[in-house]
Amino acid sequence: MDNQDNDAVKCIMDLWGLEEAIERITHRGSLDLISIMNDPNWVIMATSTHTFSSRVGALERAKGLARLSVSLGEIQDSDTPANWIRWAKQKGYDTSHLQKYIDFRSLLQKMPSTEIGRVVITVACEIEQESGSVPTAKDVMAKLKDYAQSGEKHSDVLRQGPNGYRGNGVYWITGKFEEKEFSLEACQKTLMRYLPKTPIGGE
């Protein structure tokens, strides 16, 4: 993978801050260290009227471990999902519910060379993290259209298109600073090439 690919991959690798990482690892306090969850008393506590206090305890315990690890340089306060998951495994947490954050990115064969292609893959990863499932081309295109209209993200690449445009895609700025249409079909082809598990047909 060349430098361009590395830079593109970094764009889609959202960093988890300590608070976010711990909430994901403990599923907002529902999960604790495996050694603690294997204790019969933990099961009683977790299913009793003390559920709230047990969740708070799990969160605070994990945060304490994380803060200590940050101070020791074992992990950074803001780090990649893969590093946080690796840390959680080392500390004794079950991370099976977090596997999707690794599996989805392992599907990336190589980042596209065009700006619009990289935006498509970035947005696809973004949607997957929010929904927990691999998005269709229609899902991705809907998000691209939203960004093209609002200018919230990728405003240097995405455009709404000329007045009266009724196509099924968006417009983008090419490397030659020309506005060019990017259709739903082109989006589907990009996803199928770089994210093979994308549902066929965009449905």
Side-chain angles (χ1 to χ4, degrees), residues 1-17 20-21 24-25 27 78-86 95-203:
M1 184 176 286
D2 57 29
N3 290 334
Q4 184 182 41
D5 292 331
N6 281 327
D7 291 339
V9 170
K10 288 177 183 176
C11 288
I12 65 169
M13 290 290 288
D14 294 337
L15 296 179
W16 288 357
E20 179 184 4
R24 291 183 184 278
I25 291 167
H27 202 55
S78 290
D79 217 319
T80 64
N83 284 343
W84 273 113
I85 293 169
R86 190 179 304 112
T95 59
S96 56
H97 62 295
L98 301 171
Q99 196 61 36
K100 62 184 181 182
Y101 294 107
I102 296 177
D103 289 345
F104 187 71
R105 287 170 180 77
S106 70
L107 297 176
L108 293 173
Q109 303 300 305
K110 185 179 179 183
M111 289 298 287
S113 59
T114 62
E115 289 293 337
I116 187 63
R118 288 194 287 272
V119 169
V120 166
I121 299 304
T122 301
V123 170
C125 289
E126 191 178 281
I127 295 172
E128 191 276 341
Q129 283 198 355
E130 294 173 355
S131 67
S133 60
V134 179
T136 66
K138 285 186 177 180
D139 295 332
V140 174
M141 183 55 71
K143 183 72 76 172
L144 292 177
K145 288 183 175 181
D146 287 344
Y147 287 152
Q149 182 175 5
S150 68
E152 179 185 347
K153 291 183 179 180
H154 311 295
S155 59
D156 58 327
V157 177
L158 299 175
R159 293 290 185 274
Q160 294 186 63
N163 290 334
Y165 173 68
R166 297 182 180 278
N168 61 9
V170 294
Y171 273 70
W172 66 289
I173 304 298
T174 71
K176 296 181 179 180
F177 302 102
E178 299 173 344
E179 289 196 8
K180 185 176 180 180
E181 183 181 15
F182 186 75
S183 67
L184 178 63
E185 291 75 22
C187 182
Q188 176 74 47
K189 288 180 181 178
T190 300
L191 291 170
M192 290 302 297
R193 178 177 179 182
Y194 297 99
L195 300 176
K197 287 189 178 180
T198 299
I200 297 175
E203 300 297 335

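- Distance check, rounded to the nearest 0.5 Å: CD1 of Ile121 to CD1 of Ile116 gives 10.5 Å.
- Glu20 pairs by the salt bridge (Lys or Arg N to Asp or Glu O under 4.0 Å) definition with Arg24, not counting sequence neighbours.
- A 4.5 Å side-chain heavy-atom check between Glu115 and Arg118 finds at least one atom pair inside the cut-off.
- Heavy atoms only, all atoms of each residue included: Leu191 and Ala124 are closest at CD2-CB, 3.8 Å.
- Among residues two or more places apart in sequence or in another chain, the side chain to side chain donor-acceptor pair (under 3.5 Å) test is passed with Lys143 by none.
- With sequence neighbours left out, the side-chain contact (heavy atoms from CB on, under 4.5 Å) criterion links Asp146 to no other residue.
- Under the side chain to side chain donor-acceptor pair (under 3.5 Å) criterion, Ser183 pairs with Glu185, sequence neighbours left out.
- Between Ser78 and Gly17, the shortest heavy-atom distance links the atoms OG-CA, 3.9 Å.
- When all heavy atoms of Trp84 and Ile25 are compared, the closest pair comes out as O-CD1, 4.0 Å.
- For the ring pair (Phe, Tyr, Trp, His ring centres under 6.0 Å) condition, the pairs that include at least one residue of residues 154-174, sequence neighbours left out, are Tyr147-His154, Tyr165-Tyr171.
- Side chains of Leu144 and Val120 form a contact here, defined as non-hydrogen atoms less than 4.5 Å apart.
- Distance check: Leu158 CG to Lys153 NZ gives 12.0 Å after rounding to the nearest 0.5 Å.
- Looking at Val119 and Thr114, their side chains never come closer than 4.5 Å, going by heavy atoms from C-beta outward.
- Shown here are the side-chain contact (heavy atoms from CB on, under 4.5 Å) partners of Lys145, two or more places apart in sequence or in another chain: Met141, Val170.
- Considering CD1 of Ile173 and CZ of Arg159, their distance stands at 4.0 Å, rounded to 0.5 Å.
- In this structure, Leu98 and Pro81 have side chains that are not in contact, with every pair of non-hydrogen atoms separated by 4.5 Å or more.
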